[in-house]
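In what follows, a structure is listed as structure tokens, so that the remarks can point back to it.
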Number of protein chains: 2
Amino acid sequence: MNSLEEVLDFVNNGHKYYLPHMSIDSVIFGYHNQQLKILLLKWKGYNEWGLPGGFIKRREPLSKAAHRILEERTSLSNLFLQQFHMFGDSPYRVKERIPQVFREKFGLEVEEDNWLFERTLSIGYFALVDYSKVSVTLDFFTDDYQWWDVDDIPELLFDQKEVVEKALLTLRLQIYHQPIGYNLLPQKFTLPEIHSLYETILGKELDQRNFSKKLLTLGLIKKLDERRNIGPHRAPYLYQFEKENYEEALKEGIVHTY
Amino acid sequence: MNSLEEVLDFVNNGHKYYLPHMSIDSVIFGYHNQQLKILLLKWKGYNEWGLPGGFIKRREPLSKAAHRILEERTSLSNLFLQQFHMFGDSPYRVKERIPQVFREKFGLEVEEDNWLFERTLSIGYFALVDYSKVSVTLDFFTDDYQWWDVDDIPELLFDQKEVVEKALLTLRLQIYHQPIGYNLLPQKFTLPEIHSLYETILGKELDQRNFSKKLLTLGLIKKLDERRNIGPHRAPYLYQFEKENYEEALKEGIVHTY
DNA sequence: TATTATATAGTAATATTTACGGAATAAAGG
DNA sequence: CCTTTATTCCGTAAATATTACTATATAATA
């Protein structure tokens, strides 16, 4: 959605293409530099940030919509993407969605009764992505993007703070039942890397020996013969996920702590 | 919604009162006779059953809508009620919602473009209730209700089988993190009762001594001095939930198995 | 008072989780 | 080339949690 023509069609006729009163908000988690980050977009004219999101086409399955929106934004397909909550308790209209704002910020003349100003419930999805593979696409409404540390999120538009918090909570709970990492780490990674990923997600220290023992015992990762040769210190061995066991653990669930 | 006038207003003008394209489906779990049951309604004229559900008013918070719908149907308020998934991958229109059906089954003349025939995504909630306290209210569209064993559910309308299965899965997963029972059992209950409740929900046997040890160790229940005096056998002691610990476990979560 | 079905309780074996320190090693700098 | 530095990596013992298991008490009925 880049040409003005497309934008105007979206604003004026969007209600014909999309289901009204509903949107999808994606919390995209990436991991970099020992930090868990989420991707936020800066809205044109605002100094505020918001989650990437979009609408569901009238005949499009919900999960397809979520994947499409994510792919349009990050160019990544076939990702780990999971619905975690539908938000519908916030005020029935939000102050950021009024004609005046559209005029001032975006230079668009929009009527009071435009579909974009109606009450909108949002369906939260979260994704886990390999930070380094993402290439973000901006559009007419956004003029910047940035990866933010999860414990240093700026003010967000609408009630999206709640969305981010719930996503994080879900992720932290889920890590006790499902392996995580396949989509957050490069294909080959070191023990310290995955260890630190788990510490970061859970927000607490994990004994490094017990942690790797656990992953190895569960058969989720395997040691390779290669080492990574960077840094002035002892080179760590590389590891890889055991695809089969990982998939099974995803499906069947695991009961344990780390 | 009982008078014909009300029904006609709902059918013809519902789109003015309710958000379109969205509905709430409730999976109401009750426990009775060593069986976990769910409440189903029989649709007038159909031989098929469906979940109780309803729509969200245009200015009504989502969670309020869920509680309202549950209360209208069961006369119970302030229950444990939890959203578990939004379903939106089924076909964009369903065969059960067409003018012909409304004419034949309900004797209503409805136009092809009526709001009730549009694509509807449904938000699944599940509730845990004390079976014996429920008094079901039927309405114009339903002519019977019944509690069904969870492992003996009949054919359901639309894609509601999937909804029920997901609810059950969520409940079974959740029982490892949260205490359950407060809303499914009478205030005072026996060890065998709560033991059998957990076995029923999890669908597997639990050692009775270890189970009660666990609940007592966690401080979730306490023994009373009373006994229940029914049956021709040794009278079991009554137990009660420890409200404070129970609430905390609900909030903080517990990590353990049973 | 004997019978019957059910409720209740404790201990030992096993498995899991936690706690903890020291040797190996890769590069950089003197 | 030797020392320093920061990091990886390894194993075992103690504590804790889970599992497995059966005999006695007891309430009502016949």
Side-chain angles (χ1 to χ4, degrees), chain A residues 33-34 175-177 179 181 185-186 188-200 202-240 245 249 252-258, chain B residues 33-34 175-177 179 181 185-186 188-200 202-240 245 249 252-258:
Chain A
N33 221 358
Q34 322 258 94
I175 207 172
Y176 287 112
H177 289 288
L185 293 171
K188 297 172 180 180
F189 51 86
T190 66
L191 278 187
E193 279 170 345
I194 191 171
H195 174 232
S196 145
L197 167 66
Y198 272 72
E199 283 193 335
T200 307
L202 289 172
K204 67 180 183 193
E205 291 194 357
L206 301 172
D207 183 279
Q208 135 228 160
R209 277 161 300 183
N210 297 333
F211 174 76
S212 49
K213 228 183 304 169
K214 187 92 197 190
L215 289 187
L216 287 165
T217 304
L218 289 171
L220 292 177
I221 61 173
K222 70 160 179 263
K223 189 175 182 173
L224 302 175
D225 262 347
E226 311 166 58
R227 293 162 168 236
R228 167 164 300 158
N229 278 323
I230 36 167
H233 311 300
R234 178 174 178 179
Y237 281 96
L238 289 170
Y239 288 74
Q240 211 172 40
N245 292 338
E252 302 298 323
I254 30 183
V255 177
H256 66 101
T257 60
Y258 281 104
Chain B
N33 219 359
Q34 321 260 94
I175 207 172
Y176 287 111
H177 289 288
L185 293 171
K188 296 173 181 178
F189 50 85
T190 67
L191 279 188
E193 280 171 344
I194 192 172
H195 174 233
S196 145
L197 168 66
Y198 273 72
E199 284 193 334
T200 307
L202 290 172
K204 67 180 183 193
E205 291 193 358
L206 301 171
D207 183 279
Q208 133 227 163
R209 274 161 302 184
N210 296 334
F211 174 76
S212 51
K213 230 183 302 168
K214 188 91 197 194
L215 288 187
L216 287 164
T217 304
L218 289 170
L220 293 177
I221 60 174
K222 71 159 177 264
K223 190 174 180 173
L224 302 176
D225 262 346
E226 310 166 60
R227 293 161 169 235
R228 168 164 299 158
N229 277 322
I230 34 165
H233 313 299
R234 178 174 178 179
Y237 281 96
L238 288 170
Y239 287 74
Q240 210 171 40
N245 292 339
E252 302 298 324
I254 31 182
V255 178
H256 65 101
T257 61
Y258 281 105

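Because the structure is a prediction, the values reported are computed rather than measured. Residue numbers begin at 1 in each chain, while the letters A, B, ... track the order of the sequences.
Between A:L215 atom CG and C:dT16 atom P the separation is 16 Å, expressed in whole Å. Between B:I194 atom CD1 and C:dT8 atom C1' there is a gap of 16 Å when expressed in whole angstrom units. Rounding to whole angstrom units, CZ of residue A:F211 and C1' of C:dC20 are separated by 19 Å. Residue A:R209 contributes atom CZ, which lies 10 Å from atom P of C:dC20 at whole-angstrom precision. If you take OH of B:Y239 and P of C:dA9, they are 5 Å apart, rounded to a whole angstrom. Distance, A:R234 CZ to D:dA6 C1': 12 Å, rounded to whole Å. Note: CD (A:E205) to P (C:dT17) measures 19 Å, nearest angstrom. The CG-C1' distance, from A:L218 to C:dA15, rounds to 14 Å in whole Å.
Using bins of under 30°, 30° to 60° and over 60° for the plane-to-plane angle, the ring pair A:Y239/A:F189 lands in the parallel bin.
Considering only side-chain N and O atoms, A:K213 lies nowhere under 4.0 angstrom from the phosphate OP1 or OP2 of D:dG11. Between B:R227 and D:dA27 there is a side-chain N or O to OP1 or OP2 distance below 4.0 Å. Remark: A:K223 is in phosphate contact with D:dC10, judged by side-chain N or O atoms under 4.0 Å from OP1 or OP2.
Mapped onto DNA chain D by nearest heavy atom, B:D207 and A:D207 fall at different nucleotides, with A:D207 at the one closer to the 5' end. With the nearest nucleotide of DNA chain C identified for both A:Q208 and A:H233, A:Q208 has the one nearer the 5' end.
For the pair B:I221 and B:L191, the minimum side-chain heavy-atom distance is below 4.5 Å. In this structure, the side chains of B:T217 and B:K214 stay at 4.5 Å or more apart for every pair of heavy atoms.
Residue B:I194 holds its CD1 atom at 5.0 Å from CG of B:L215, rounded to the nearest 0.5 Å. Rounded to the nearest 0.5 Å, atoms CG (A:L218) and NZ (A:K213) are 12.5 Å apart.
With distances taken from any side-chain atom of B:N210 to the nucleotides C:dA19, C:dG10, C:dT8, the minimum falls on C:dG10. With C:dA7, C:dC20, C:dA26 as the choices, the nucleotide that has an atom nearest any side-chain atom of B:P192 turns out to be C:dA7. Nearest nucleotide to the side chain of B:K214, out of D:dT8, D:dT18, C:dT8: D:dT18.
Helix bend of the helix from C:dT1-D:dA30 to C:dG30-D:dC1: the angle between its two end axes, each built from five pairs, comes to 10° after rounding to 10°.
Of the possible polar contacts, one joining the A:H195 side chain to the A:L206 backbone as a donor-acceptor pair under 3.5 Å is found.
A side-chain hydrogen bond (donor to acceptor under 3.5 Å, both in side chains) with A:E193 holds for exactly one of A:K188, A:Q34, A:R228; it is A:R228.
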